[in-house]
Amino acid sequence: MASGLFRKVLIANRGEIALRVICACRDLGIPTVAVYSEADRNSLPVRFADQAICIGPARSARSYLDIPSIISAAEITNVDAIHPGYGFLSENAGFAEVCRDSGIKFIGPKPEVISSMGIKERARAIMKDYGVPILPGSPGVLSGPEEAEELAEKIGYPIILKASAGGGGRGMRIVNERSELANMLSQAQQEAGASFTSADVYLEKYIGAPRHIEFQLLADEHGNVEILGERECSIQRRHQKLLEESPSPALRPEVRERVSAKLKEAIKAIGYSNAGTVEFLMDEKGDLYFIEVNARIQVEHPVTEAVTGVDLVKAQILIAAGQTLPEILGGPIVPRGHAIECRINAEHPVTFAPSPGRITGLSLPGGIGIRVDTHAYQDGIIPPYYDSLVAKLIAHGRDRTEAIQRMKRALDLFVIEGIHTSIPLHKRILNEQDFVDGNFDTNFIKRWM
Ligand code: ADP
């Protein structure tokens with residue numbers, strides 16, 4: 001290993017996150033290998049990685065999700081580490097295990113930890129054991145309608161049925177009264193079985209107007225854990241995040257401190273390592289309740305980078321190479337200012353219909369306080385096969401007001417022609433008085449649409 005780090009890193013992903021990992025590797029002087037599907041042949045990660053290997057056709061199942069193809073590419077190029085990015089194989093414990101068995105370092109938590117965090121009702125039970133607050137709900141997987149009815153009666157309606165192996169905001173059912181429960185349970189089980197690795201479903205109390213607040217953590221392989229503050233991700237459409245910020249305009253400092261302390265203990269006890277996010281819902285009283293762990297880097301990580309000054313992707317690589325958090329962070333983390341991220345998706349700003357195609361005109365904003373993470377380029381194509389994220393626009397300011405002003409200026413100077421994007425929607429959000437006042441929950445967008 002040159003300089004005690006890795007010889008070469010393969011990136012098992014595409015789009016902006018593949019480029020993001022290439023940037024971190026370049027900063028560390030580590031050569032990179034991009035893998036790509038036929039649809040991404042002309043993409044920027046392919047152009048900027050030191051080597052690139054085609055791993056299959058456009059369909060992800062036969063390219064970005066094809067473990068044997070990715071491992072072959074890693075062996076041919078003689079890499080000693082793989083960064084999975086987010087989505088695709090990033091939380092696939094089987095993939096992490098194959099990497100380990102092939103003598104390749106998976107840049108993420110250990111397979112056993114990924115697997116226990118991926119079973120959502122198990123993660124819930126573990127967090128509860130360490131004193132992290134959870135919503136009232138089933139102790140484990142629901143055995144059938146009788147158990148569900150009994151529990152729901154005790155907790156009080158509405159409740160939400162959730163797939164144990166669920167993700168991406170899918171496979172959930174809100175149940176308002178007893179008469180709907182048995183039917184909804186069988187629907188949820190069927191949907192879970194068809195979409196995920198298991199048909200198991202669990203139940204928890206439904207919060208009508210929650211805020212989504214999540215904590216970023218880093219943990220090394222020597223038992224050190226740091227919580228790098230929170231992100232507020234309540235601006236969502238269809239349970240998917242659209243705009244994120246740090247810090248949350250609503251979290252009380254004493255709740256932040258109490259929950260961070262409990263989390264730190266839990267994460268250490270679980271043996272979690274690398275980067276991760278722990279997601280919570282906040283109720284009207286301002287209390288937090290655990291919902292799930294994302295055992296990977298997240299799309300919205302740049303807002304945390306902006307306020308903490310920590311390069312999270314670089315930290316992931318250094319942790320995987322065996323360094324300690326004190327070495328990596330070099331001192332206490334002092335958050336500074338406020339950051340906001342707008343996800344610029346290739347989609348219609350009103351109907352949310354995907355809008356893939358050729359980018360015929362592009363001009364990226366810049367200037368003080370602005371960062372753009374994107375794989376878009378003039379005449380580049382946004383293929384229809386993958387998620388619709390085209391760019392992440394991040395504004396950092398001394399305080400929330402300055403971050404909002406800078407974001408508005410950057411959105412005005414952001415030109416993307418040839419496809420529809422969410423830019424007009426973001427402009428509208430930033431001009432809403434309730435957003436400016438920090439007065440919103442996860443139903444914010446649904447209320448106007
Ligand atoms: P996924 O893994 O599919 O993303 P999550 O458990 O993270 O599922 O939930 C996604 C979103 O669904 C949350 O951000 C929130 O908007 C909504 N949600 C989940 N659980 C509840 C709940 N108990 N009450 C209200 N809304 C919920």
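As a basis for the values below, the full set of heavy atoms in this structure was taken, side chains included, without hydrogen atoms, waters or symmetry mates. None of these values were measured; they are calculated from a predicted model. Order of listing sets the numbers, starting from 1, for every ligand and every atom in it.
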Quiz prompt | OH (Y385) with more than 12 external heavy atoms under 6.0 Å | solution = no
Quiz prompt | Whether S138 side chain and L151 backbone form a donor-acceptor pair below 3.5 Å | solution = no
Quiz item: Got the closest protein heavy atom to atom 23 (N) of ligand 1, with its distance?
Solution: K205 O, 2.9 Å
Quiz prompt | Electrostatic pair R237:E347 at N-O distance under 4.0 angstrom | solution = yes
Quiz item: What do you reckon, does Q236 have a nitrogen or oxygen under 3.5 Å from a nitrogen or oxygen of ligand 1?
Solution: yes
Quiz item: Would you say the side-chain atoms of N183 pair up with the backbone N or O of S186, donor to acceptor, closer than 3.5 Å?
Solution: no
Quiz item: Which residue supplies the protein heavy atom nearest to atom 26 (N) of ligand 1, what is that atom called, and how far is it?
Solution: Y206 CE1, 3.6 Å
Quiz item: Are R400 and F435 in a cation-pi contact, defined as NZ or CZ under 6.0 Å from the six-membered ring centre and within 45° of the axis?
Solution: yes
Exercise. Using distance alone, determine whether I291 and ligand 1 share an N or O pair under 3.5 Å.
Key: no
Self-check item: Structural part of K120 in contact with ligand 1, heavy atom criterion under 4.0 angstrom
Solution: side chain
Quiz item: Ignoring hydrogens and geometry, is there a side-chain-to-backbone donor-acceptor pair from T374 to V390 under 3.5 Å?
Solution: yes
Quiz item: When you measure from the side chain of S260 to the backbone N and O of E257, does any donor-acceptor pair fall under 3.5 Å?
Solution: no
Quiz item: Numbering the atoms of ligand 1 from 1, which are under 4.0 Å from a heavy atom of L135?
Solution: 23 (N)
Exercise. May I ask which of E279, Q240, H239 has a heavy atom nearer to atom 11 (C) of ligand 1 than the others do?
Key: H239
Exercise. Around atom 3 (O) of ligand 1, find the nearest protein heavy atom and jot down its residue, atom name and distance.
Key: G169 N, 2.6 Å
Self-check item: Nearest non-hydrogen protein atom, atom 24 (N) of ligand 1
Solution: I207 N, 3.0 Å
Quiz prompt | Identity and distance of the protein heavy atom lying nearest atom 14 (O) of ligand 1 | solution = H212 ND1, 3.0 Å
Self-check item: Protein contact to atom 15 (C) of ligand 1 [nearest heavy atom, distance to 0.1 Å]
Solution: L281 CD2, 4.0 Å
Quiz item: Got the closest protein heavy atom to atom 19 (C) of ligand 1, with its distance?
Solution: K162 NZ, 3.4 Å
Quiz item: In a check of side-chain hydrogen bond (donor to acceptor under 3.5 Å, both in side chains) between R231 and each of H301, E214, E279, E245, which one passes?
Solution: E214
Quiz item: What residue among I235, L243, I429, I445 forms side chain to side chain contact (heavy atoms under 4.5 Å, CB included) with F440?
Solution: I235
Quiz item: Who's the nearest protein heavy-atom neighbour of atom 10 (C) of ligand 1, and how far?
Solution: M172 CE, 4.0 Å
Quiz item: Counting each atom of ligand 1 from 1 as listed, which ones have a heavy atom of E292 under 4.0 Å away?
Solution: 1 (P), 2 (O), 4 (O), 5 (P), 7 (O), 8 (O)
